[in-house]
Amino acid sequence: MSAPTLQRRLGLVQATALNMIDMVGIGPFVTLPLVMGFMGPNFLLAWLVGAALALVDGLIWSELGAAYPEAGGSYRFLKLAYGEQTWGRFMSFLYVWQTLIQSPLVLASGAIGFAQYFGYLVPLTEWWQPKAVAGAVVLLLIVLLYRRIEDIGKLGVALWVGVLGLMGWLIVGGVTHPNHPVDLFPAGGFPALPGLLISAAMGQAAVKTIYSYLGYYNVCHLGAEIVNPQRVIPRSIFLSILGIAALYLLLNWSVGTVIPWQEVQAWQSGASDKSQFIVSVFVERLYGPAAATAATALVLLVAFASLFAVLLGYSRIPYAAAADGEFLPLFGKLHPTKQFPYVSLLLLGGVGFVFSLLFRLGEVISAILAMRILVQFVGQAVGLVLLRRRRGTAALPFKMPLFPLPVIVAIAVWLFVFVGIAPAEVTWGGVTFKLYFQLAALGMMALGTGAFLLWSRRLGRWPFANKPVA
């Protein structure tokens, strides 16, 4: 009896749907008021900055995903780019190491945001109640994902329809009931654009919008399960980014025409901050409390759908590394009849459950970005250049235009974002201090380096072997 293998059964519609529900989630609904508070009348520009970075970085993911459509996404890209038996082992191990922490953080961020909006429907007054809701969300996700990939593809499309339905309803509400003007360039017009873009890219507003766009690359993690990946992967990435960018801009414009940014800032400076339920307040103002309840329920559906796609994609990364012999063998097990990496799914989901009980939303968002940027985004961009030099471009199914300009721009902007992540004030054991997420990310990299050296020494592989092991 042959060992179970991953099956190519996801087409363009399913791949795009899984990308888009991964991108939307709870992000735009919880970050929309934060961006208004940071940017004031220029809040739409921050969403343009996030879209621009996603498009530029999407070129890198498209080229790598089309050329190497395998399970694990960045794990495989980094290993190939830096040398499969030398530095590539280190970079890919470091990425998987970070995935064991950052993917549960992503799960936790969505689950915590879910609990936040759930509080509009059912007041969660006790400290443990939001945590119980967040934890229950993660457990339900694990149950739903414990099945065959073709069943998940169908379920993903159904959830995608819910995402589009909610966004469409909110956008139409703003278009048909505008009360306040919202302009893309309200202060200074087009000549002021460069300065404003730089300011937004360096500011906390852009950090929040970039978080809301993350997920356009989810299809690369499922590369071994995509039909005709050379064409489907790039198309799904750009369809996802352009579609979500249009939805985000229209959503923000619609909300801003009904609830002006001045009112949002006033909420945030007061004792009772209604901005955390801004979509619910928006619908209530237009259609009444019953409609607001329905809209809140749809927001929760969208948030749940996003986490569904997130856990699906990330569960394939430790599996790919373990199947390659470069990570703990336990993660390489597939379900004997349903052909999916059930151990990876259960372990990542379990850690996500714990994180959802421990952390706050703002801390989780900053930690996610800080942990991803250096190894995954910057490391992968540099790796693409190395791959092109070593293997050439003749066999590439997709080639980015204007190379190497998109790579240079992506690296520069990602580093700007990394430096611009603000610290959080944390109280631990009665002591209050500032937590710098950049230092935390570097600390995780240092721990990962130590784990890699111990693992390599145990296996007798580089850098401890005299020569690379074939």
Side-chain angles (χ1 to χ4, degrees), residues 4 6-7 9-11 13-27 29 71 73 99-100 103-118 121 130-166 214-215 218-219 221-222 224-226 240 296-319 331 333-357:
L6 297 176
Q7 304 295 310
R9 293 176 179 173
L10 297 177
V13 173
Q14 293 94 337
T16 305
L18 289 170
N19 266 4
M20 291 182 74
I21 61 177
D22 186 348
M23 294 169 72
V24 176
I26 200 67
F29 307 114
T99 296
L100 297 182
S103 60
L105 282 173
V106 175
L107 275 179
S109 71
I112 295 167
F114 183 102
Q116 177 178 306
Y117 256 88
F118 190 78
L121 300 177
K131 297 180 182 295
V133 172
V137 167
V138 177
L139 294 178
L140 181 57
L141 282 168
I142 296 173
V143 172
L144 287 178
L145 283 168
Y146 206 85
R147 62 195 69 245
R148 293 178 180 271
I149 188 63
E150 60 267 32
D151 298 330
I152 289 174
K154 296 173 184 176
L155 185 54
V157 173
L159 293 172
W160 181 36
V161 172
V163 170
L164 296 180
L166 170 62
L214 294 181
N218 188 50
V219 65
H221 299 149
L222 304 170
E225 296 161 275
I226 303 296
S240 303
T296 305
L298 284 174
V299 169
L300 297 177
L301 172 66
V302 168
F304 188 85
S306 174
L307 294 177
F308 178 88
V310 164
L311 185 54
L312 170 66
Y314 277 117
S315 65
R316 270 57 179 174
I317 295 171
Y319 160 77
F331 287 92
K333 292 185 177 181
L334 287 177
H335 194 280
T337 60
K338 301 179 186 296
Q339 290 88 45
F340 72 95
Y342 70 102
V343 174
S344 182
L345 172 70
L346 292 174
L347 289 176
L348 292 184
V351 177
F353 171 79
V354 174
F355 284 175
S356 70
L357 305 180

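Just so it is clear, the values below take in all heavy atoms, side chains as well, and ignore hydrogens, waters and symmetry mates.
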*Search all heavy atoms of P341 against all heavy atoms of S315 and return the closest pair with its distance.*
CG-O, 3.8 Å
*Do V351 and L100 pass the side-chain contact (heavy atoms from CB on, under 4.5 Å) test, and can you show the C-alpha distance, the side-chain angles, and the key distance before you say yes or no?*
CA-CA 8 Å; V351 177; L100 297 182; over 6 Å; no
*asked:* Nearest 0.5 angstrom please: Y117 OH to L298 CG, how far?
replied: 12.5 Å
*Would you give the length of the straight line joining atom OG1 of T99 to atom CD1 of I317, rounded to the nearest 0.5 angstrom?*
4.5 Å
*Any side-chain heavy atom of V137 within less than 4.5 Å of one from S356?*
no
*Side chain to side chain, Y319 and L334, heavy atoms closer than 4.5 Å*: yes
*About how many Å separate CD1 of I226 and NE2 of H221, when rounded to the nearest 0.5 Å?*
12.0 Å
*Report yes if the side chains of L18 and L222 come closer than 4.5 Å at any heavy-atom pair, otherwise no.*
yes
*What's the shortest heavy-atom distance between A115 and P130, and which atoms?*
CB-O, 3.4 Å
*Of the non-hydrogen atoms in G215 and N19, which two are nearest, and what is the gap between them?*
O-OD1, 3.5 Å
_Quick check for you: to the nearest 0.5 Å, what is the distance between L140 atom CG and F304 atom CZ?_
3.5 Å
_Interatomic spacing from CG in L307 to CD1 in I142 - rounded to 0.5 Å_ = 11.5 Å
*Grab the two heavy atoms, one from S240 and one from M23, that are nearest each other, plus how far apart they are.*
CB-SD, 3.8 Å
*More than 12 non-hydrogen atoms from neighbouring residues, nucleotides or ligands closer than 6.0 Å to NZ on K333, yes or no?*
no
*State, yes or no, whether a side-chain contact exists between L311 and L345 at a heavy-atom distance under 4.5 Å.*
yes
*Residue pair L107, F355: steps toward the side-chain contact (heavy atoms from CB on, under 4.5 Å) verdict*: CA-CA 8 Å; L107 275 179; F355 284 175; over 6 Å; no
*Could you walk me through whether L121 and L300 pass the side-chain contact (heavy atoms from CB on, under 4.5 Å) check?*
CA-CA 10 Å; L121 300 177; L300 297 177; 3.8 Å; yes
*Minimum heavy-atom distance between V24 and F29, given as atom pair plus value*: CG1-CE1, 4.3 Å
*Find the distance between CG (L144) and CG (L139) and round it off to the nearest 0.5 Å.*
11.5 Å
*Which pair of heavy atoms, one from V138 and one from A111, lies closest together, and at what distance?*
CG2-CB, 4.0 Å
